[in-house]
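Residue numbers count from 1 along this sequence. Hydrogens, waters and symmetry mates play no part in the numbers below; they use all other heavy atoms, side chains included.
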Amino acid sequence: MNQRISLAAYRRSILSAIFAMSFFACSDGNKDNHKQPSYSESLLLNFTSDFETGELRWMGTDEESLSAASLSFDQDSKVAVHNEKIFVLEKNLSNLNCLNPQTIGDKSTIVQRSLESGSNPYDVAVVGNKGFIALYSLDYLQIFDANTCELGGKIDLPISGANASSINAYGDTLLVLSQRLENYMAVNPGLLILISASTGNVINTIELNFYNPHFSLLKNEKLFIASLDYFGAEDGIEVLDLKSGQSEVLYTGSVSSMALDESTQTLYASVYVSWGDAPVKPINLSNKSVGANLPSITDAYSGLVFDSESKRLFIADAGGLKIYDTETKTTTAVSNDLPPYSLAIVRW
């Protein structure tokens, strides 16, 4: 089926659609849609940029000092992971880079593939060994082999001007976030596009509550969607329960990134107030209450990632990488040469 439906209609049909497509697997914040293997090592990946130079640095998730070594990429790049695989998307250069965490300091082991010129790769999801890249500037998903980095076919999106800003894998289903901009303006609410990863067929499209969806976080059967203020368009966090089909507005306000501590059911949100002013607010999912801004955070627009093992929240603050210890409630600053721009955690 390839048509837009209302949220109410979606709620009536989602269960049959989900079970018909065998949506029994889950995904975590690292884009994994299968049971996590047992890991012994982990790294925080910190892509840094001053809008001229881009460098990837790393450190253990229990450490407080970044690697002296670095890898150079285009200044506008995003780092993403799936299990033990690392992907660096160079947006301006339209490149996919595949890295192995065990040889991360060896530049010769990086595999790079050129995507279509001007494609502007934004995000990655993986199902089995098949990867899917959401391209912000083109209306299709690029398929690639997650093991070899070889490019494959394409999956056309059902609308033009999709501006795909995020992608997750829920079982065999790809959840693609579309901003639907017209002349760079958010004139329509965002759209969630459900696509079968195995067949490439569009299952459904769901109109969202807010405009300009910017980031999504999939935890178990709930999809958290954050929208950014865009010329006065409505924004906030909405949560879609993929099992029941129910949707709710969790927070009203401009949000660029999120991270979830499942043990305490606390969602951390980077809230955009104005240029240079983006504090991190904790949201209690049990009672929907919003706590005070985390200490010593000024501009966390570029992202957050939570490590469930060390209980640390890593924050891409414009002034430098910050670590918030959720148990001691303290913030530590980490020195780095360039401002943090994109964060991810890889385990193997």
Side-chain angles (χ1 to χ4, degrees), residues 10 14-15 17-37 39 78-89 96 98 115 121-136 140-158 162 164-178 190-206 208 213-226 239-243 245 257-260 262 305 308 344-347:
Y10 168 69
I14 187 62
L15 285 176
I18 286 177
F19 288 114
M21 297 301 298
S22 299
F23 298 173
F24 295 109
C26 305
S27 175
D28 74 359
N30 283 346
K31 306 293 184 181
D32 181 24
N33 64 307
H34 298 289
K35 183 179 179 180
Q36 286 280 2
Y39 295 104
K78 177 179 180 178
V79 60
V81 304
H82 172 79
N83 288 348
E84 69 280 8
K85 300 177 178 67
I86 304 172
F87 309 108
V88 177
L89 303 173
L96 166 67
C98 300
L115 306 172
Y122 241 59
D123 202 5
V124 170
V126 178
V127 177
N129 293 322
K130 188 185 292 186
F132 302 85
I133 305 174
L135 308 172
Y136 189 78
Y140 66 83
L141 304 179
Q142 175 65 58
I143 303 172
F144 70 99
D145 188 309
N147 289 328
T148 65
C149 213
E150 288 289 344
L151 300 183
K154 303 174 181 179
I155 298 177
D156 290 330
L157 297 178
S165 58
S166 182
I167 184 171
N168 286 279
Y170 180 66
D172 184 59
T173 299
L174 301 173
L175 308 173
V176 183
L177 217 56
S178 167
L191 201 68
L192 181 64
I193 305 170
L194 284 70
I195 298 174
S196 167
S198 57
T199 67
N201 294 331
V202 176
I203 301 169
N204 258 326
T205 58
I206 305 110
L208 303 175
H214 180 75
F215 179 86
S216 65
L217 175 68
L218 180 59
K219 284 293 185 179
N220 298 322
E221 293 164 336
K222 291 188 177 181
L223 183 67
F224 297 81
I225 304 171
V239 185
L240 180 63
D241 189 314
L242 296 168
K243 185 175 182 180
S257 184
M258 300 173 290
L260 178 63
E262 291 185 274
V305 64
S308 58
I345 292 174
V346 63
R347 301 190 189 281

Side chains of [X] and [Y]: does their closest heavy-atom pair fall under 4.5 Å?
X: L96; Y: L89; result: yes
X: L192; Y: L177; result: yes
X: F215; Y: S166; result: no
X: L242; Y: T173; result: no
X: I86; Y: V79; result: yes

Pairwise distance CD1(I225) to CG(L218) - rounded to 0.5 angstrom: 10.0 Å

L223 side, atom CG; L217 side, atom CG - distance, nearest 0.5 Å: 8.0 Å

side-chain contact (heavy atoms from CB on, under 4.5 Å) against N147, all qualifying residues, sequence neighbours excluded: K85, N129, D145

Considering residues at least two apart in sequence or located in another chain, which fulfil the side-chain contact (heavy atoms from CB on, under 4.5 Å) criterion with A162? D139, L157, I159, S178

Partner set under ring-ring contact (aromatic ring centres under 6.0 Å, His included) for [X], not counting sequence neighbours:
X: Y136; result: Y122
X: F132; result: none
X: F224; result: none

Passing option when I143 is tested against L151, I155, I133 for side-chain contact (heavy atoms from CB on, under 4.5 Å):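 The passing option is I155.
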
Provide the closest heavy-atom pair for [X] versus [Y] in the form atom of the first, atom of the second, distance.
X: S165; Y: P213; answer: OG-O, 2.9 Å
X: N168; Y: S216; answer: ND2-OG, 2.7 Å
X: A169; Y: A125; answer: N-CB, 4.0 Å
X: T205; Y: P158; answer: CG2-CG, 4.0 Å
X: L174; Y: A197; answer: CG-CB, 4.0 Å
X: I195; Y: I203; answer: C-CD1, 4.0 Å

Mark yes or no for whether D123, through its side chain, and I167, through its backbone, hold a donor-acceptor pair below 3.5 Å.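 Pair found, side chain donor or acceptor close to backbone of I167.
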
Donor-acceptor contact present, side-chain Q142 to main-chain G153, <3.5 Å: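 Here the side-chain-to-backbone pair exists.
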
Between V124 and F144, is a side-chain contact (heavy atoms from CB on, under 4.5 Å) present by the stated rule, with each step listed? CA-CA 10 Å; V124 170; F144 70 99; 4.0 Å; yes

